[in-house]
Amino acid sequence: MTATAQSYFTRIDDHRFLPTEHATGAWREDELHLAPVAGLVIDFLERWRLENAPALVFSRVCVEVLGQIARAEIEIGIEVVRPGRTIELVEATAVIGGRTTLRARGWLLASSDTSAAAGHACDPMPSRADCVDESWLKRWRGGMIASVTAVQSAATIQGRAQAWASSEVALIEGESATPLGDYTKFLDLANGISWRQDPDEWMYPNVDLTLHLFRQPEGRWVGYDTRVAFGAGGLGLTSSTLHDEHGPVGMLAQSLTLRPATEL
């Protein structure tokens with residue numbers, strides 16, 4: 001295991017990476033946080049796109065979590081599921097510690113100038129300057145959380161938050177990540193932005209991370225306009241309107257499995 005003050009991962013070769021201490025998770029010390037791992041996989045997909053399908057852009061990426069994300073070597077491979085000139089579906093598989101742990105499917109759509117029809121009905125978010133309170137996110141444990149700067153609106157309540165997060169830690173040591181990889185390495189933090197219940201008393205890890213974009217994000221600051229809902233039958237949902245510093249870019253959803261911490 002490589003530890004470094006500069007990155008979440010170090011590269012072994014074109015397909016293999018080692019996590020650093022900054023990638024560790026919030027629930028257990030022997031696992032990785034989904035956030036940087038998902039960012040690594042999406043960055044891998046985006047590098048493939050730039051080389052193989054530059055006329056297309058990602059409109060959706062769904063990361064499925066197939067088990068605990070071990071603190072171990074990560075190997076990523078890509079398969080084109082549905083080839084096409086204007087619509088393409090690709091899948092990345094992450095084998096972690098010898099076990100297939102993540103599958104990420106992404107839809108690529110043709111990019112064109114549609115500025116004449118552009119518009120949205122998303123609510124505005126407070127700017128970073130207006131969010132002066134430290135985010136509840138920082139109450140969590142683990143190397144990933146410790147690496148992040150996060151601030152929130154003073155109006156934050158249980159199950160509802162508007163917050164911003166970023167970090168000076170690079171995705172891969174000695175490399176510049178793609179803009180999409182740099183942005184998406186923070187997405188899974190949304191599930192910890194607003195506490196609906198104390199995580200020492202309740203467990204609510206997400207089993208997926210589903211991102212829909214209507215605009216390609218810019219910059220390394222992620223704005224989360226987030227709601228967390230817990231049902232009475234063991235299910236939960238974290239849903240966020242995502243922003244960059246120019247405005248909204250898309251939606252994020254995370255399906256949660258909810259149970260008392262005493263059951264684990």
Side-chain angles (χ1 to χ4, degrees), residues 8-9 19-42 61-72 74 76 92-105 135-148 150 152 156 158-161 163 165 167 184-212 222 224-240 242 251-264:
Y8 294 108
F9 302 96
T20 76
E21 61 187 3
H22 296 304
T24 56
W27 298 105
R28 296 167 51 136
E29 293 184 359
D30 61 347
E31 69 180 4
L32 299 178
H33 200 293
L34 175 58
V37 181
L40 180 71
V41 171
I42 294 171
V61 179
C62 180
V63 180
E64 307 282 4
V65 184
L66 307 181
Q68 180 186 348
I69 308 173
R71 290 182 66 176
I74 301 170
I76 306 174
T93 301
V95 177
I96 304 178
R99 181 172 180 263
T100 300
T101 305
L102 297 182
R103 293 189 185 275
R105 281 197 166 191
S135 172
W136 291 359
L137 178 73
K138 297 297 288 182
R139 300 179 186 177
W140 291 79
R141 298 179 290 270
M144 175 62 186
I145 302 301
S147 76
V148 170
Q152 67 185 21
T156 298
Q158 285 182 285
R160 183 74 173 90
S167 173
T184 58
K185 70 176 183 279
F186 303 118
L187 295 190
D188 189 59
L189 299 178
N191 192 31
I193 288 291
S194 176
W195 290 20
R196 180 158 286 283
Q197 294 291 340
D198 188 331
D200 288 330
E201 299 178 4
W202 288 88
M203 301 285 287
Y204 40 96
N206 50 303
V207 297
D208 76 337
L209 185 75
T210 303
L211 167 68
H212 286 88
V222 180
Y224 313 80
D225 190 350
T226 295
R227 292 171 171 83
V228 181
F230 289 169
L235 305 182
L237 173 66
T238 297
S239 55
S240 306
L242 296 174
M251 308 293 292
L252 178 72
Q254 297 159 279
S255 182
L256 315 179
T257 174
L258 173 65
R259 66 198 72 176
T262 54
E263 291 185 8
L264 297 180

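Atom CG of Leu256 is separated from atom CH2 of Trp202 by 13.0 Å, given to the nearest 0.5 angstrom. Taken to the nearest 0.5 Å, the CG atom of Leu40 stands 9.5 Å off from the OG1 atom of Thr184. Here Glu21 contributes atom CD and Arg71 contributes atom CZ; the two are 8.0 Å apart, rounded to the nearest 0.5 Å. The CD1 atom of Ile74 sits 4.5 Å away from the CZ atom of Phe9 when rounded to the nearest 0.5 Å.
Between Ser167 and Val148, the closest heavy-atom pair is CB-CA, 4.2 Å. The shortest non-hydrogen separation linking Ala92 to Ile76 is CB-CG2, 4.2 Å. Listed here is the closest heavy atom pair of Leu237 and Ala253: CD1-CB, 4.4 Å. Of all the heavy atoms in Arg103 and Thr93, the pair that sits closest is NH1-OG1, 3.2 Å. The two atoms that bring Ser194 and Val228 nearest to each other are O-CG2, 3.7 Å, heavy atoms only. Of all the heavy atoms in Met144 and Lys185, the pair that sits closest is CE-O, 3.6 Å.
Side-chain N or O atoms of Thr238 include none that pairs as donor or acceptor with a backbone N or O of Asn191 at under 3.5 Å. Between the side chain of Trp140 and the main chain of Ile145, no donor-acceptor pair closer than 3.5 Å is present. With hydrogens and angles ignored, the 3.5 Å screen pairs no side-chain donor or acceptor of Glu201 with any backbone N or O of Asp198. Put simply, the side chain of Ser240 never gets that close to the backbone of Leu242: no donor and acceptor are under 3.5 Å apart.
A salt bridge does not link Asp200 to Arg139: none of the charged nitrogens lies less than 4.0 Å from a carboxylate oxygen.
Within a 6.0 Å radius of CZ in Arg141, other residues, nucleotides and ligands contribute 12 heavy atoms or fewer.
Side-chain contact between Pro19 and Tyr8 is absent, with no heavy-atom pair separated by less than 4.5 Å. Counting heavy atoms from C-beta on, the side chains of Asp225 and Arg160 come closer than 4.5 Å.
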Should Val37 and Ile96 be marked as a side-chain contact (heavy atoms from CB on, under 4.5 Å) after you check the CA-CA gap, both sets of side-chain angles, and the distance that decides it?
CA-CA 10 Å; Val37 181; Ile96 304 178; 4.2 Å; yes
Evaluate the criterion side-chain contact (heavy atoms from CB on, under 4.5 Å) for residue pair Leu137 and Gln152; output intermediate values, then yes/no.
CA-CA 9 Å; Leu137 178 73; Gln152 67 185 21; over 6 Å; no
Which is it for Leu102 and Leu66 under the side-chain contact (heavy atoms from CB on, under 4.5 Å) test, yes or no, and what are the steps along the way?
CA-CA 6 Å; Leu102 297 182; Leu66 307 181; over 6 Å; no
Acceptor/donor pairs from residues 203-212 side chains to any protein atom, 3.5 angstrom cut, sequence neighbours excluded:
{"from": "Tyr204", "atom 1": "OH", "to": "Gln197", "atom 2": "O", "distance (Å)": "2.9"}
{"from": "Asn206", "atom 1": "ND2", "to": "Asp188", "atom 2": "OD1", "distance (Å)": "2.8"}
{"from": "Asn206", "atom 1": "ND2", "to": "Asp208", "atom 2": "O", "distance (Å)": "2.9"}
{"from": "Asp208", "atom 1": "OD1", "to": "Ser255", "atom 2": "N", "distance (Å)": "2.7"}
{"from": "Asp208", "atom 1": "OD2", "to": "Thr210", "atom 2": "OG1", "distance (Å)": "3.2"}

